[in-house]
*Asks:* 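Below are the structure tokens for one structure; questions will follow.
Below, chain A is the first sequence line, B the second, and so on; all start at residue 1.
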Protein chains: 2
Amino acid sequence: ICSSLKVKASNPPNIIIMLMDDMGWGDLGVFGQPSKETPNLDAMAAQGMLLPNFYTANPLCSPSRAALLTGRLPVRNGFYTTNGHARNAYTPQEIVGGISKDEILLPQLLKKRGYISKIVGKWHLGHRPQYLPLRNGFDQWFGAPNCHFGPYNSSVRPNIPVYNNTEMVGRYYEEFKINKKTGESNLTQIYLQEAFDFILEQHASQQPFFLYWAPDATHAPVYASKSFLGQSQRGRYGDAVMELDDSIGRILSLLRSLHIENDTFVFFTSDNGAAVMSGPNESGSNGPFLCGKETTFEGGMREPAIVWWPGHIKEGSVSYELASVMDLYPTSLALAGISPPDDRTLDGLDLTPVLLWGRQLDKLMPIFFYRGNELMAVRLGQYKAHYWTWSNSWEEFKAGINFCPGQEVPGVTTHNQTEHTMQPLIFHLGRDPGEKFPLSVLSNEYQDALGRISSVVEQHQKSLVPAAPQLNMCDLAVMNWAPEGCEKLGKCLKAPKSEPWKCDWPH
Amino acid sequence: ICSSLKVKASNPPNIIIMLMDDMGWGDLGVFGQPSKETPNLDAMAAQGMLLPNFYTANPLCSPSRAALLTGRLPVRNGFYTTNGHARNAYTPQEIVGGISKDEILLPQLLKKRGYISKIVGKWHLGHRPQYLPLRNGFDQWFGAPNCHFGPYNSSVRPNIPVYNNTEMVGRYYEEFKINKKTGESNLTQIYLQEAFDFILEQHASQQPFFLYWAPDATHAPVYASKSFLGQSQRGRYGDAVMELDDSIGRILSLLRSLHIENDTFVFFTSDNGAAVMSGPNESGSNGPFLCGKETTFEGGMREPAIVWWPGHIKEGSVSYELASVMDLYPTSLALAGISPPDDRTLDGLDLTPVLLWGRQLDKLMPIFFYRGNELMAVRLGQYKAHYWTWSNSWEEFKAGINFCPGQEVPGVTTHNQTEHTMQPLIFHLGRDPGEKFPLSVLSNEYQDALGRISSVVEQHQKSLVPAAPQLNMCDLAVMNWAPEGCEKLGKCLKAPKSEPWKCDWPH
Ligand SMILES: [Ca+2]
Ligand SMILES: [Ca+2]
């Protein structure tokens, strides 16, 4: 506790969160990727701390990112749907909602201590004007509000805009090229340059900064710059990983060149597990874990995580502490010497004792696995209990969409939503990280684990107040027809008339 | 070529081969084990070279070990069976056969340059007197001829003897305790001490040595010493890995303490993939690979591999070269400056250009995957073609024996022996290391790969001369009833009368 004063008394560190898109735990060399495409991330781990038990808050983009920036579970911050039971929802451009005004985003709080904040890359918390980054605490933005799906025929559906701060500067597949046939795009290089410019500018102005670096090259359609295409052992996806790894190496080198590596806390992770349903050309690896993106198995929610802060974090250390993307909010606040808001429940914990002093947290923090507002599973210590299991529906599965390709565990990767609340499936994730061998319900081990988990779940559910769901309504009229700045570019399109409907979330 | 003279001209290096038993590729931190139990192996990789594309010659103990010591495929050195189609065979104590006198084992050749050779741990090339290590080139042995199965009722089946050189010094479960309930045994500590004593003794006598260190703590029934039990995140198996990792760290430290690290070539690997059919308490992880021990999928035959030789091998390097346990024979001979035998086909290649100078081999070496004398699959470059697929039989599978738990790939992990010789299943192992997505037979990529692989297979099969199979006959009379030295200990047992039968190899 004394030593934490040291951090607060000195100048607060710069904070960089590097968030990858759909990159899997198993995509890093240090986490077992056979093709070893990540020498810079492996070196980052060797110079910092590896967190093998790090989780996202939700197995897909938007709710995961909302959780990161609010420190709260999607069910608490509104980034979920109630249109069906246990459904995943995100922010395609027909979504009406976005991040709620009731939430306080991390950059809003960091302002209190003079931080300048920039997001580079994908936002995904709503694309309508009131939901954009500069209306929600960020000072700067270069990137896009949605995924880089496309190209679209502008009369039916606009291409996704790319913004520089409050104004669009072009659209994907138009000014910002992505060649879906070859996989070529220089977007990662643009996002790298934006990071460089921001760091150099803040360094010159001597102001602490928060950089939220969120490139999306590893989200389908996967892309890489020309000089990286064909360089990896595993095709286009690996090429994208190599380019991101190279970019991260360059950012860390820049920090060292500016002699601010001791003043800059860097956290690397991904927003959800590898999208294994997209096949090997367009998705990564979840290592030993079951299934991937969209599911509440480990493959959907266990994330690669590395913390780097030379002089403060022990080189080459490993912490087995259970932690999540929601911890980044209170942790960043602690680093900045700012008190967290006291008018709301946070789902994250301040990890500084773990990261800076290698301590164990006093409390065994559970990890909650949600789909929509349904608590599917809970991890406590080494044990994970599944109250509901579901991969995807028989209809989707029979149509060839497989969330667990090559991994069917009878009674576990169920294609019906299967309730186990009376007798949850329990796995020991140390011995069985792949969730293949449920403990026998007759064993003492099962009963002990269940007893401890049940009381945690009861406490969690008793005190949980769900927010109003923001991801229930869709409307073609709200799409990116005429983003701010479109007039200057002559790129405004005409919106159809508003006809809202309840979005259909199939899985 | 010039620089290879350097090696030959100076004193030949000591050679240590550390061979683990049933340890999986995914059991090392550096290959993705979430529980990160191998800080010493990870450091060994950081100080040496990692080989992510390293293979065994067969997915189970005996033929893999025979291939290591002969540099030849089991079908060539006789360590296989023809009792059924495509069956795995090994050396239980009822086996009649053993390593053929026609084979030249590595230590026999190393003698030419004055090497003293010791095997510590499991032999598994036949337990009858003529097949034991000191009759086959080794100067010293401490260990056992078979697996540590048991305990047995001595009237029906003797416990496995532990030898010191030519004489037994006790038996497993008798003088050498293994507590199957708690998993406690100090055997790894004994094997560590034997390695220490040998290294110190050879160092004192200034003779080059070959140490074949083959502990078997990670083979079921898995065991660890008391001080390691309960220390890992994943139960008894992880505890055994931690103890082996610790032992390896101590051996490397000893080399440094004696200042012979620059004179000692150390190779770490495992004999076959993790035995995932044994469940999580008794087996390890094959990382992203399909199935495990006994199968010709990657999980059965891809092995962790690290080479360490400070001052000679570049620190922190990675080679993607395809290589196998059979390469250790010509590689060791090259290091020792000894010509390989010219009267026989070797299936390994001298890897020194790869290891010492980071070169690529001139020739794209194929990896052959056999069960018995059937060529099941071939890897060439990134492509692997399966000519036959089989996990295990329906009978075994229905009896609860699952060689691919949680991994069923339709048409790939077949429970019937399925022939694909007219149209092999082909996978790109870079993009798809888990063998989940066969290439479309209509694609150019498939046709190109098939063309190249077919000519390699044709050449291989045309020139292959199978040896007489050594693993066809069984007989209870040949079991370890009265090993040499039993009289001194009063531990001789009476053999039943000889009734040989054709061994039944079910998978
Ligand atoms: Ca994502
Ligand atoms: Ca073995």
*Asks:* I'd like to verify something: which residue of L28(B), V318(B), N281(B) has the highest number of heavy-atom pairs under 4.5 Å with chain A?
*Replies:* N281(B)
*Asks:* With a 4.5 angstrom heavy-atom cut-off, is it the side chain or the backbone of P433(A) that approaches chain B, or both, or neither?
*Replies:* side chain
*Asks:* So for V276(B), is it side chain, backbone, both, or neither that comes closer than 4.5 Å to the heavy atoms of chain A?
*Replies:* backbone
*Asks:* List the atom of G406(A), the atom of V409(B), and the distance in Å for their closest heavy-atom pair.
*Replies:* CA-CG2, 3.7 Å
*Asks:* For a side chain to side chain contact (heavy atoms under 4.5 Å, CB included) check, start with the C-alpha distance between E408(B) and Q407(A), then their side-chain angles and the critical distance, and finish with the verdict.
*Replies:* CA-CA 6 Å; E408(B) 289 282 335; Q407(A) 297 178 309; over 6 Å; no
*Asks:* Hey, is the main chain of Q233(B) close enough, under 3.5 Å, to the side chain of Q382(A) for a donor-acceptor pair?
*Replies:* yes
*Asks:* Hey, which of G235(B), P288(B), S35(B) has the most heavy atom pairs under 4.5 Å with chain A?
*Replies:* S35(B)
*Asks:* Say you draw a straight line from NZ of K36(B) to CG of L50(A); how long is it, rounded to the nearest 0.5 Å?
*Replies:* 5.5 Å
*Asks:* Can you tell me which portion of R302(A) sits under 4.5 Å from chain B's heavy atoms? Options are side chain, backbone, both or neither.
*Replies:* side chain
*Asks:* Please confirm whether the backbone N or O of P34(A) pairs with a side-chain atom of Y320(B), one donor and one acceptor, at under 3.5 Å?
*Replies:* no
*Asks:* Quick one: OG on S283(A) to CG on D432(B), what's the gap to the nearest 0.5 Å?
*Replies:* 9.5 Å
*Asks:* Is atom CD of E445(B) surrounded by more than 12 heavy atoms (other residues, nucleotides or ligands) closer than 6.0 Å?
*Replies:* yes
*Asks:* Calculate, to the nearest 0.5 Å, the distance between atoms OG and CZ belonging to S285(A) and R431(B) respectively.
*Replies:* 15.0 Å
*Asks:* Quick one: of Y237(A), F289(A), F437(A), who has the most non-hydrogen atom pairs under 4.5 Å with chain B?
*Replies:* F437(A)
